[in-house]
Enquirer: 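For reference, the structure I am asking about is given below.
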Amino acid sequence: MKKTLYLLLFFVLLHSGTSLAQQLTSPNGSLTMQFSLQKNGAPMYALSYKGEAVIKPSALGFAIKNQKPLLANFIIEDVKASTFDETWKPVWGEEKEIRNHYNELEVNLSQKKSQRKIIVRFRLFNDGLGFRYEFPQQKNLGHFVIEDEKTQFAMTGDHTAFWIPGDYDTQEYDYSESKLSQIRHLMSQSVTENLSQTSFSPTGVQTSLILKTAAGLYINLHEAALINYPAMHLNLDDKNMIFEAWLTPNVNGDKAFMVAPSTTPWRTIIVSDDARDILASRMIYNLNEPSKIEDTSWIKPIKYIGVWWEMITGKSSWAYTDELNAVVLGQTDFSKVKPNGRHGANTAHVKTYIDFAAEHGFDAVLVEGWNIGWEDWFGHSKDYVFDFITPYPDFDIVAIKQYAKSQGVEMIMHHETSSSVRNYERHLDTAYAFMNKHGYHSVKSGYVGDILPRGENHYSQWMINHYQYALEKAADYKIMVNAHEAVRPTGIARTYPNLIANESARGTEYQAFGGSKPNHVTVLPFTRLLGGPMDYTPGIFEMDISKLNPKNTSHVNSTIANQLALYVTMYSPLQMAADLPENYNRFLDAFQFIKDVAIDWDESRYLEAEPGHYITIARKEKGSSNWFVGNVNGIQKRTTTLSFDFLEEGKKYIATIYADADDAHFKTNPQAYTIKKKIVSKKSTLTQYSAPGGGFAISLTVAKKSDIKILSTLE
């Protein structure tokens, strides 16, 4: 429901070089946004929280190619204020209902002489500010090219930041924790090797960015509804502590090709003095449009296993043969080459995964390396790299389909594009129709390597449009999408809920590529996950990778208890048990939590949180009385005092507690864990230890009288 609310708008005469200003407050009054024009007609905004500055006066506007900039000489033609309050139900999510409540200020600007018009729309929620630029249809601004977006975020001090390097082609970096003033010094060591990467500045960082002030204020900078526009990075002026928007360019260095009427994505600032509020924020989703898919009955959360980790670790191979150093699709005859004996996607082997999935109640099995071309898929700027429909000789797609159906298991398709985007778009209809024919309802797509056409970047406007095209085309075929190496999400899953997950960050695979920092998973929920769920692929039980592949000496920097907790703390409606079946068979008592844990939720409670250090979350399973708790810990050992006050009054529950053993450690003793059962109620309190790189996971089910008699009660 939207209402005009003129009381929200206050006209305040300011001095210090500014003219008329407008002020907007959040529904609960904790946040205040101020918009003003400088004497030269330059638009500015500022933001405060509980009376304290969050964003100092910051510039707005654009540099336009071959035209005068949209930066100054504006007058205010009109101002409109309104309020909006609704509750909507996501198809899947961390809760069954989301409230969308904000106060809005629409500022209509006209530039003197040029008569070009621009609207700046501000939406102030209780948890933060979103604003975007709108270009109405007009005589003097039709087609135009944005050379640079000049949006600023002026910080109030040298805050602590958890950041990854700005890059046009990858987000797959470990987070660095430092003062803003230290970013320049740390940048070179933070840019670690990737198969496609393009850094742009010694102080450039990526969104979603989490900051903490000396006064204990948490600030997240990101964007929402990234449609037909390049992804935004942030470039820091480290003398004045001002971030400025830095858009991903195309091959010619241009940023965005625009035509009026059009809008930019929302620039977002989430703010709180409680870190838990950052995790609980749904502002990014709320700034996106409602679902455009009318019938969403085919969109369902999935818990899956897959033929993947064995290839990532080097135990198995995507490729069918070692005899070929080049492949020409349609000409290379794979029936005449010698198999290498390590090809993971063979019919007999895949059937063992299907058996394991059926035995343990998993929904689906992913298979990578099933289609021809993996002998020559990367590094040669090759256009026609995959056809997405032709299996290797040892993968019987019909037999697999029939066997999986007989076992009550679905198959998940894999489409690696090798970043040959033109080739993928040529084949999309054929590939999706092939999936429909063979019963595949979801696809994991990949964009490894440099983009083709040559010179494009992973996050340029052209590529953003490609990801959206593939997503919308998938919806036409009732296919769910899990895109890897694509742009980081910005809440678009509200509008297209078939975007069931993304990778778009440093996932579990890097634990087999030398390892990630033990506290990595205590940062991601404050950054990457605010825009949408992540296919992080947790559940690794064997941390010594050399036991899978003697040539790979990597170590998974996590305890088993930490891996279990990720199913709660790293939200996704698409959750993988990523390890090999034989490793789960060694620890079936711990594996039980992965089997039990839900993947869709009615309610989420954020119990304690500090970025880089710890997160504890409780979630209630959708349509059930069951609760699950996850705690992930950083580098220092820690003890949590956990209240079960989120449980239903008058009921007793069986708490099955999976925890680090006293001598557990992510590096020296990662497989040391304990499992105990207790009877708990709303009044119970648990004191629980978490090892370095560790954590704990708890399942809570309503207790029967017989359970209460045999289990001890936790007071």
Enquirer: Would you check if the side chain of Asp600 reaches a backbone N or O of Pro573 as a donor-acceptor pair within less than 3.5 Å?
Expert: no
Enquirer: Using the side chain to side chain contact (heavy atoms under 4.5 Å, CB included) rule, pick out the option among Ile269, Thr268, Thr527 that qualifies with His222.
Expert: Thr268
Enquirer: Would Val629 and Val568 count as a side chain to side chain contact (heavy atoms under 4.5 Å, CB included) here? Give the steps.
Expert: CA-CA 6 Å; Val629 179; Val568 181; 5.8 Å; no
Enquirer: With a 3.5 Å distance limit and no angle check, can you tell me whether His233 reaches the backbone of Asp167 through a side-chain donor-acceptor pair?
Expert: yes
Enquirer: Taking only Lys NZ, Arg NE, NH1 and NH2, and the carboxylate oxygens of Asp or Glu, determine whether Glu603 and Lys96 approach each other closer than 4.0 Å.
Expert: no
Enquirer: Contact between Asp85 and Asn100 at the side-chain level, heavy atoms closer than 4.5 Å - yes or no?
Expert: no
Enquirer: Go through Gln67 and Arg116 one step at a time and tell me if the side chain to side chain contact (heavy atoms under 4.5 Å, CB included) criterion holds.
Expert: CA-CA 11 Å; Gln67 296 186 43; Arg116 293 177 297 176; 3.1 Å; yes
Enquirer: Is there a donor-acceptor contact under 3.5 Å from the side chain of Arg494 to the main chain of Asn288?
Expert: yes
Enquirer: Is the backbone of Arg506 close enough, under 3.5 Å, to the side chain of Gln171 for a donor and an acceptor to pair up by distance?
Expert: no
Enquirer: Do the non-hydrogen side-chain atoms of Phe84 and Glu104 ever get within less than 4.5 Å of each other?
Expert: no
Enquirer: Quick one: are Trp92 and Pro533 in side-chain contact, heavy atoms under 4.5 Å?
Expert: yes
Enquirer: Taking Met241's backbone N and O only, do any of them form a donor-acceptor pair with Asp158's side chain (distance below 3.5 Å, no angle check)?
Expert: no
Enquirer: The test is salt bridge (Lys or Arg N to Asp or Glu O under 4.0 Å); show your working for Lys212 and Glu610 and say whether it passes.
Expert: CA-CA 10 Å; Lys212 185 178 181 181; Glu610 182 63 33; 2.9 Å; yes
Enquirer: Could you go through the salt bridge (Lys or Arg N to Asp or Glu O under 4.0 Å) check for Arg267 and Glu223 one step at a time?
Expert: CA-CA 5 Å; Arg267 279 61 189 99; Glu223 62 180 326; 2.9 Å; yes
Enquirer: Within the 4.5 Å heavy-atom criterion, are Pro265 and Arg132 side-chain neighbours or not?
Expert: no
Enquirer: Taking Ser604 as the fixed residue, which of Arg619, Glu94, Glu95 is the one that meets the side-chain hydrogen bond (donor to acceptor under 3.5 Å, both in side chains) rule?
Expert: Arg619
Enquirer: What verdict does the side-chain hydrogen bond (donor to acceptor under 3.5 Å, both in side chains) test give for Ser201 and Asn235, after you've listed the backbone C-alpha separation in whole Å, the side-chain angles of each residue and the deciding distance to 0.1 Å?
Expert: CA-CA 7 Å; Ser201 166; Asn235 198 48; 2.6 Å; yes
Enquirer: Just wondering, do Leu287 and Tyr102 contact through their side chains at under 4.5 Å, heavy atoms?
Expert: no
Enquirer: Is Ile219 close to Thr213 at the side-chain level, that is, under 4.5 Å between some pair of heavy atoms?
Expert: yes
Enquirer: Which residue pairs pass the ring pair (Phe, Tyr, Trp, His ring centres under 6.0 Å) test with at least one member in residues 103-122, sequence neighbours excluded?
Expert: Phe35-Phe122, Phe122-Phe131
Enquirer: With distance as the sole test, does Thr640 use its side chain to make a donor-acceptor pair with the main-chain N or O of Leu642 at under 3.5 Å?
Expert: no
Enquirer: Quick check: are there more than 12 heavy atoms from other residues, nucleotides or ligands sitting under 6.0 Å from CD of Gln138?
Expert: yes
Enquirer: Quick one: does Tyr45's side chain get under 4.5 Å of Val120's, heavy atoms only?
Expert: no
Enquirer: Any chance the rings of Phe526 and Tyr218 have centres within less than 6.0 Å?
Expert: no
Enquirer: Tell me whether the rings of Trp601 and Phe628 are parallel (<30°), tilted (30 to 60°) or perpendicular (>60°).
Expert: perpendicular
Enquirer: Apply side chain to side chain contact (heavy atoms under 4.5 Å, CB included) to residues Thr83 and His101 and explain how you reach the verdict.
Expert: CA-CA 8 Å; Thr83 189; His101 188 197; 4.2 Å; yes
Enquirer: Would you call Leu236 and Arg184 a side-chain contact if the rule is heavy atoms closer than 4.5 Å?
Expert: no
Enquirer: Run the side-chain hydrogen bond (donor to acceptor under 3.5 Å, both in side chains) check on Tyr459 and Gln206 step by step: do they pass?
Expert: CA-CA 11 Å; Tyr459 315 135; Gln206 297 196 44; 5.2 Å; no
Enquirer: Measure from the side-chain N and O atoms of Thr490 to the backbone N and O of Gly531, and report whether any donor-acceptor pair falls under 3.5 Å.
Expert: no
Enquirer: When you look at CD of Glu52, are more than 12 heavy atoms from neighbouring residues, nucleotides or ligands closer to it than 6.0 Å?
Expert: no
Enquirer: Verify the ring-centre separation between Phe144 and Phe62: is it less than 6.0 angstrom?
Expert: no
Enquirer: Under the 3.5 angstrom rule, does the side chain of Tyr571 hit a backbone N or O of Gly93 as a donor-acceptor pair?
Expert: yes
Enquirer: Between the main-chain N or O of Ser58 and the side-chain N or O of Gln152, is there a donor-acceptor pair closer than 3.5 Å?
Expert: no
Enquirer: Working to the nearest 0.5 angstrom, can you tell me the gap between Ser504 OG and His484 NE2?
Expert: 8.0 Å
Enquirer: Within the side chain of Arg528, is there an N or O that forms a donor-acceptor pair under 3.5 Å with the backbone of Glu503?
Expert: yes
